[in-house]
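Right, one structure below, let's go through it.
Below, read A as the first sequence line, B as the second, and so on, with proteins coming before strands; counting in each chain starts at 1.
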Amino acid sequence: MPEMEYVEPSSLSEVFDAFDRYGEDGRLIAGGTGLINLMKQRLVQPAALIALRKLSGSLGTITSENGSVRLGALVIHRQLEASPVVKQHIPLVAEAFGHVATIRIRNIATIGGGLAHGDPNLDPPSTYLALDAMVRIASRSGSRDVPIGEFYKDYYETAVQPGEVVTDLIVPNQPAGAGTAYIKFLPRTADDYATVSVAAVVTLSADKSRFQDVRIALGSVGSTHIRATAAEDLLKGRQVSPASLKSAAATVAEAVDPLTDVRGSGDYKRDMAVVWTRRALEQAVVKAGGKLE
Amino acid sequence: MPYPISLKINGRNYNVDVAPDRLLVDILRHDLGLTGTKESCSVGVCGACTVLLDGQMVSSCLLPGVLVNGREITTVEGLAQNEELLPIQQAFIDHGGFQCGACTPGQVVAAKALLDEIPHPTEDQIKDWMMGNICRCTGYYKIIESIQAAAAVNP
């Protein structure tokens, strides 16, 4: 096998030149925490590594714009966790990032890398789904925005095509007065992937008695992260009560398709998805000012 | 194809030619003979290979050297200054913060990063920070006591 090559483009245009040169055998590398593990397992054997480190100036910033937060693809996890802009406008996302692996990984891993990795067990994507984020993807011919709901295609597969690179994630600010929660079931160790994880965003009516809007997304429950739309629809307009939460959470059993692995059987994860959805909703309702007697 | 990189490790400059997928832990241990850093799980989970990259702790087993070209690395060998141990190192000795010692370089480097960022951590902060450094002798209480003792002498 020929020796692996390495290039450090200093502009997006040079990234596209590298794509032209290496084709699908050239792999982008940002922090490398995802790719290196895939290479160690011999699942990926690139002919060339195309490092993005020289683009961290342009793609490593967080800005607040037009009611959204724009996160550059090369923003590092801990940079996001500490960002005042993120904490102010999308604290749910900051909360989920605090659950990713360990500080050692969060000091290296980038948000664009996490997106392009397409691993259904990661923590942040549930919050992107619950907040209707948009992924900006660039190619030689320009850039396109893909709604996060259309971004994840299958296990480790995303909407990113050959010749394309993720440049930004645009997350709308959390709705005013919304209560949010991100919770993660960890029966093994605190730094593990979740057995199931749930993000919930709840907006209540002015008198806090009814659900105005509800967004629920889950991770580790199938080949991609999912939105629990049946549960959301069931709650919208309904009275806030333990019974309404319970009946909505029950619908999640039909929405998930978990794999059996060391973190539990598919059946167990399905049951836990229901339980943890109810708990996430309870927390979000209380944070939104609702009462559950 | 070997790629030339330069690293500042423990205050000293090193120039090496490395393959693009040569990992920092292998560069340290095998190319430069800095064997204080250990490798155990090799997938970024156990913490044995913890080093500081510009002062922030990272897993050297997941990090290709080419990605840290030009940056500053601190390993366990770089903690003591002029043969004098840091308080955190002395505390691990005084409080029995290790048994077999295999995880100790990673533990000490992680603890140093903690005390640099939070000079007086609570017990919960210590547990949260050190959660990713696994000790198979399960000496966790002694490790927490060692860190608390080192924090106590911080200004």
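- For the options Ile103(A), Leu49(A), Ile29(A), heavy-atom pairs under 4.5 Å to chain B are most numerous at Ile103(A).
- Of all the listed residues (Val66(B), Asn69(B), Asn133(B), Val45(B)), the one sharing the greatest number of non-hydrogen pairs under 4.5 Å with chain A is Val66(B).
- Interface residue Ala30(A): only backbone heavy atoms are found under 4.5 Å from chain B.
- Classification of Asp192(A) and Lys184(A) as a salt-bridged pair fails, no side-chain N sitting under 4.0 Å from a carboxylate O.
- Heavy-atom pairs under 4.5 Å with chain B peak, among Ala51(A), Gly32(A), Ala101(A), Ala190(A), at Ala190(A).
- Arg29(B) and Thr35(B) are not linked by any side-chain donor-acceptor pair at a separation below 3.5 angstrom, with hydrogens and angles left out of the test.
- In this structure, chain A has no heavy atom under 4.5 Å from any part of Val18(B).
- Residue contact with chain B, scored on non-hydrogen atoms closer than 4.5 Å, involves the side chain of Ile108(A) exclusively.
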Full working for side chain to side chain donor-acceptor pair (under 3.5 Å) between Thr189(A) and Asp191(A): CA-CA 6 Å; Thr189(A) 59; Asp191(A) 61 342; 2.8 Å; yes
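- Heavy-atom pairs under 4.5 Å with chain B were tallied for Arg53(A), Glu5(A), Arg104(A); the largest tally goes to Arg104(A).
- Formation of a donor-acceptor pair under 3.5 Å by the Glu3(A) side chain with backbone atoms of Met1(B) is found in this model.
- Interface check for chain B: of the options Arg106(A), Glu8(A), Lys40(A), Gln41(A), the most heavy-atom pairs under 4.5 Å are formed by Lys40(A).
- Under a 4.0 Å N-O distance rule, the pair Asp116(B)/Lys112(B) qualifies as a salt bridge.
- There is no side-chain donor-acceptor pair under 3.5 Å between Tyr155(A) and Asp119(A).
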